[in-house]
There are 2 protein chains.
Amino acid sequence: MVDSCLVAKLGRYAALSEHDKQLLVALERDEREYKKDEVVTQSGHRINELYVLKSGWLTSYSLLDDGRRQLLRLFYPGDIVDLAEIALVRARHDVKCLTPAVLCPFPKSGLEPLFAQSPRLTALLFSMTVRENSTLLDRIRAVGRFSAYERVCYLLLEIGYRLNAIDDAKEDGGFRLPLTQSDIADLLGLTNVYVSKTMSRIEQDGLIRRDGNRVRILDHARMVELCDFNGEPLIDTSWFPVL
Amino acid sequence: MVDSCLVAKLGRYAALSEHDKQLLVALERDEREYKKDEVVTQSGHRINELYVLKSGWLTSYSLLDDGRRQLLRLFYPGDIVDLAEIALVRARHDVKCLTPAVLCPFPKSGLEPLFAQSPRLTALLFSMTVRENSTLLDRIRAVGRFSAYERVCYLLLEIGYRLNAIDDAKEDGGFRLPLTQSDIADLLGLTNVYVSKTMSRIEQDGLIRRDGNRVRILDHARMVELCDFNGEPLIDTSWFPVL
DNA sequence: CGAATGCTTGAAGCTTATCAAAGCTGGTGG
DNA sequence: CCACCAGCTTTGATAAGCTTCAAGCATTCG
């Protein structure tokens, strides 16, 4: 029970009552393992289930007829996949595993008791959605107005922060990137070739060091400066309904 | 009371009880007029108030030190500005008026009775946030993977649909665009010069006709095809708490 | 009527894409 | 444990799409 991903993640933002915790734990009753590259959800299908991501990384993406691909989101442990699609009749994107993963499926209706019984959890889920929204806006800015160099720095910082936050795979400032350069390119609106050239340049400039698919950020301050990075937005819990 | 923007907009998605309507109307008690280009909210400031947009268009945007600008969202009548920032301590973007506008300010805490008393309205607000989220993902895809030609078509369709939805300023398929070409460029990650050239090309190809800042879409089917446009995502209300 | 703002058009340049080939790496089977 | 293979990364050459700069034109507004 204590090892609930949701309780762990949401608890960091606001205190939860026992009842709240039980509501969350109920969402992680089932469990299913997925292999790397396995598809979780397909565009166009009806959404009947949501998933709590217990371990591993997922991504949602959109494919065009001619093969162009845009990665839209990265999901980390503790995230609800696709909470942000719950309100829609049909999925608009594909979701697949970047690494082997464990997901806890639950029916869409599983959220209803939560909305009905806990205004506080509701506010929290709402806030998480909003925070994600803010992250998307940051990426629009990056893709729309940043150079390739800035974009890659930005992504590395974003992922670094996120991993810090869930202190997974962290170790003296370095982390493992389970993304290929093609993935990075498709996240940032670039090509794999240019991502390669750009990362080499960033490394030569002494901002990062790479070893295999581990990345260490060497000059955090300069990178933050370079892409006007603000860190994760702070959640305001002051307006939340009381426990 | 019947002329509540929120009731009008939200009522299109789900039936509202009288009580729900009253909760919404309460948010539009005050009213303030803004001039074109007037700033509503500034990046970095604490967010104490939200606004119901009663008339006019707003945009939120982000500025970089060197003058680069990225427009992030467009707000139309009936939208809550910035609902999606309520969860954050500080605003991360500026918001200003694209046209003269009327806003109804209300304190952040004004949403509390709504969350506490109406699970149904809560679900609806949540869904609207999610839908907006989906729109943002579409724009990431457009900015990341579309050519300038596709991007402009995409934006025109999106705005056209949105205006249809609120049937404002509509007239035999044409609508007034209160955006300069620089605005369009900053929405789509282009330059004003190239937007001009691209729009001319789109017009020459017979997809649109322009007259001043009115735009008429001539070949809707081809434009939809061209940028894989899906229309507005459908909201699923089936999981909503009952009235 | 003049000033300001926005739109258009052309020329030149730069960032990034595309194409192609070779090097590397990690996983698999013998 | 080694050899192989598939997928990823690197590197170089070339090309395309978009930007930048600049000047002239159109429209709106005081």
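Letters A, B, ... are given to chains in the order of the sequence lines, protein chains preceding strands, and every chain is numbered from 1.
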Could you tell me whether the side chain of Lys197(B) has a donor or acceptor atom within less than 3.5 Å of a complementary atom in the base of dG10(C)? yes
Under 4.0 Å, heavy atoms only, any strand: does Arg68(A) hit a base, just the sugar-phosphate, or nothing? nothing
How about Asp66(B): does its CG atom have over 12 heavy atoms from other parts shown lying under 6.0 Å from it? yes
What residue pairs, at least two apart or across chains, pass salt bridge (charged side-chain N to carboxylate O under 4.0 Å, His left out) with a residue in residues 135-145 of chain B? Arg92(A)-Asp138(B), Asp186(A)-Arg145(B), Arg141(B)-Asp228(B)
Starting at atom CD of Glu203(A), determine the distance to atom P of dT10(D), rounded to an integer number of angstrom. 8 Å
Atom CE of Met199(A) and atom P of dC8(D) are separated, to the nearest Å, by 15 Å
Asn192(A) has an atom CG; how far is it from atom P of dA17(C), in whole Å? 10 Å
Which one, dC7(C), dT10(D), dT19(D), comes nearest to the side chain of Ser196(A)? dT10(D)
How close or far is atom P of dT8(C) from atom CD1 of Ile184(B), stated in whole angstroms? 10 Å
So, Glu28(A) versus Ser4(A): side-chain donor-acceptor pair below 3.5 Å or not? yes
Candidates Leu177(B), Asp37(B), Asp183(B) - the one meeting side-chain contact (heavy atoms from CB on, under 4.5 Å) with Leu98(B): Asp183(B)
From the list dT9(D), dT19(D), dC7(C), which nucleotide is the closest neighbour of the side chain of Thr180(A)? dT9(D)
With distance as the sole test, does Thr59(B) use its side chain to make a donor-acceptor pair with the main-chain N or O of Arg73(B) at under 3.5 Å? yes
Rounded to 10 degrees, the angle between the two terminal axes of the helix from dC1(C)-dG30(D) to dG30(C)-dC1(D), each from five pairs: 50°
Rounded to whole Å, please give me the gap between CG in Asp37(B) and C1' in dA4(C). 13 Å
Output the single nucleotide from dA22(D), dT15(C), dC19(C) whose closest atom is nearest the side chain of Val193(A). dC19(C)
How close or far is atom P of dT10(D) from atom CD of Gln204(A), stated in whole angstroms? 11 Å
Nearest whole Å is fine: how far is dA11(C) P from Tyr194(B) OH? 16 Å
OP1 or OP2 of dT10(D) sitting under 4.0 Å from any side-chain N/O of Arg201(A)? no
Nearest to the side chain of Gln181(B) - dT19(D), dT9(D), dT8(C)? dT8(C)
Using salt bridge (charged side-chain N to carboxylate O under 4.0 Å, His left out) as the criterion, list what pairs up with Glu38(B), not counting sequence neighbours. Arg32(B)
Within residues 137-152 of chain B, find the residues that approach DNA chain D with a heavy atom at under 4.0 Å, and present them sorted by residue number. Ser147(B), Ala148(B)
Have Tyr154(B) and Glu158(B) got a donor and an acceptor in their side chains that come within less than 3.5 Å? yes
What ring pair (Phe, Tyr, Trp, His ring centres under 6.0 Å) pairs are there with at least one residue in residues 194-218 of chain A, not counting sequence neighbours? none
Qualifying ring pair (Phe, Tyr, Trp, His ring centres under 6.0 Å) pairs, either residue in residues 196-220 of chain A, two or more places apart: Tyr161(A)-His220(A)
For the rings on Phe75(A) and Trp57(A), is their centre-to-centre separation under 6.0 Å? no
Separation of Ile202(A) atom CD1 from dT9(D) atom P, in whole Å? 15 Å
